[in-house]
Amino acid sequence: MRTARMRQRCATMSALVPPALRFALLTLAALTCVPDIAPVATAGELPAIASRQRTEKKSFTDAEIVDGFFKTAFGAEYHLAGRVDRIRKFDEPVRVFAETDRADRKAQLAKVVADIGKRVQHLDIAMTDTSEAANVRVKLVRDRDLYRTITSFYGAEKAREIRTSLDPQCLSGFRKNEQFEIEHSDVILTVDVSDFTFLDCAYEEVLQSLGPINDTASVPWTMFNDNVSMGYFDVYDQYILNLLYDPRIKAGMTVPEVRAALPEVLKDVRTWVKQVNELKE
């Protein structure tokens with residue numbers, strides 16, 4: 001979630017609404033509004049992101065990586081109902097559909113999705129042109145239409161609860177089955193924001209819609225920390241997502257089960273993250 005600078009406060013919520021739906025509400029982020037006509041840029045072209053990449057911490061101990069993984073892959077920052085003590089992830093290819101009339105924001109989202117696919121070894125994720133083929137739907141809306149959109153997704157009562165508790169400006173949620181496999185995710189992003197804010201939110205919301213829904217203020221390197229703004233897919237969070245989507249980490253696993261599997265998994269994940277980021281150590 002994004003930190004609070006001019007309404008850039010985010011929160012994460014997990015909830016299961018009526019059993020047939022089994023929705024887990026995840027990430028909620030408050031963002032700053034700017035005109036639609038702001039120039040479009042990719043992550044690497046923005047000075048705010050480039051400066052963060054230059055100073056980014058890229059070397060972590062096993063304990064630092066494992067600590068962040070457990071704090072984000074289990075639990076939920078805002079928990080209404082349902083179990084959050086199991087691994088939740090997709091167990092099938094992820095196809096993302098963008099519902100918007102903003103070609104510029106759709107193009108930026110497509111680059112975010114492609115970057116995630118490039119950096120998470122065992123995750124098959126890509127954009128699709130049809131909503132029927134998608135299991136992740138991203139709805140891009142104006143800030144003034146956000147509450148109405150949340151209401152259409154979750155109903156008036158739950159939308160009022162969300163608004164009262166968190167006053168979000170972006171939201172993502174998923175539906176999972178009895179095996180804790182994510183079957184469908186919905187992401188809502190506001191478009192009338194700066195390029196940095198849009199990219200920062202898009203990375204976090206899409207990544208959290210894949211499973212690691214819990215925010216933590218105790219890990220200073222993850223974008224799943226309200227006090228951290230990235231705007232790109234940082235190395236630390238690549239470790240978290242690569243651990244989550246390693247085939248040996250399965251949906252429904254408990255903390256002890258994951259802890260037993262992690263040493264071997266982390267060894268392979270380290271090799272992959274080093275390779276894809278051309279790290280020296």
[X] side chain to [Y] main-chain N or O, any donor-acceptor pair under 3.5 Å?
X: R54; Y: I49; answer: no
X: D186; Y: G173; answer: no
X: T61; Y: E64; answer: yes

Salt-bridged, [X] to [Y], with N to O below 4.0 Å?
X: E264; Y: K267; value: yes
X: R95; Y: D124; value: yes
X: D62; Y: R270; value: yes

Rounded to the nearest 0.5 Å, what's the gap from [atom1] on [X] to [atom2] on [Y]? Could you check?
X: L189; Y: S172; atom1: CG; atom2: OG; result: 8.5 Å
X: I249; Y: E257; atom1: CD1; atom2: CD; result: 10.0 Å
X: L266; Y: T271; atom1: CG; atom2: OG1; result: 9.5 Å
X: D192; Y: F198; atom1: CG; atom2: CZ; result: 11.0 Å
X: L262; Y: R259; atom1: CG; atom2: CZ; result: 8.0 Å
X: Y245; Y: L241; atom1: OH; atom2: CG; result: 7.5 Å

Q | Intermediate values then yes/no, side-chain contact (heavy atoms from CB on, under 4.5 Å), R148 and V141 | A | CA-CA 10 Å; R148 182 172 60 188; V141 302; over 6 Å; no
Testing the 3.5 Å rule here: is there a donor-acceptor pair between the side chains of [X] and [Y]?
X: Q238; Y: N242; result: no
X: R119; Y: N277; result: yes
X: Y203; Y: D234; result: no

(Q) Does W272 form a side-chain contact (heavy atoms from CB on, under 4.5 Å) with V276? I'd like the steps, not just the answer. (A) CA-CA 6 Å; W272 169 259; V276 78; 4.2 Å; yes
Q: Mark yes when over 12 heavy atoms from residues, nucleotides or ligands other than K57 sit less than 6.0 Å from its NZ; otherwise mark no.
A: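 Atom NZ in K57 is packed in, count exceeds 12.
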Q) Counting heavy atoms not belonging to R248, are there more than 12 under 6.0 Å from its CZ? A) yes
Heavy-atom check, side chain of [X] versus side chain of [Y], under 4.5 Å:
X: V206; Y: V136; answer: no
X: K139; Y: T100; answer: no
X: L199; Y: Q108; answer: yes
X: C201; Y: V193; answer: no
X: L207; Y: F233; answer: yes
X: I116; Y: V112; answer: yes
X: L140; Y: V138; answer: yes
X: Y236; Y: M230; answer: no

At their closest point, which heavy atom of [X] faces which heavy atom of [Y], and how far apart are they?
X: E56; Y: V235; answer: OE2-N, 2.6 Å
X: F90; Y: S209; answer: CE1-O, 3.8 Å
X: F97; Y: A134; answer: CB-CB, 3.5 Å
X: T128; Y: A133; answer: OG1-CB, 3.5 Å
X: W221; Y: D237; answer: O-OD2, 4.2 Å
X: K58; Y: L279; answer: CD-CD2, 3.8 Å

(Q) Which label fits F60 and Y239: parallel for a plane angle under 30°, tilted from 30 to 60°, or perpendicular past 60°? (A) perpendicular
Q. Where do T254 and D85 land on the side-chain contact (heavy atoms from CB on, under 4.5 Å) test, with the steps shown first?
A. CA-CA 6 Å; T254 62; D85 59 346; over 6 Å; no
(Q) Is there a side-chain contact (heavy atoms from CB on, under 4.5 Å) between F196 and R52? Walk through the geometry before answering. (A) CA-CA 12 Å; F196 175 81; R52 284 166 169 78; 3.7 Å; yes
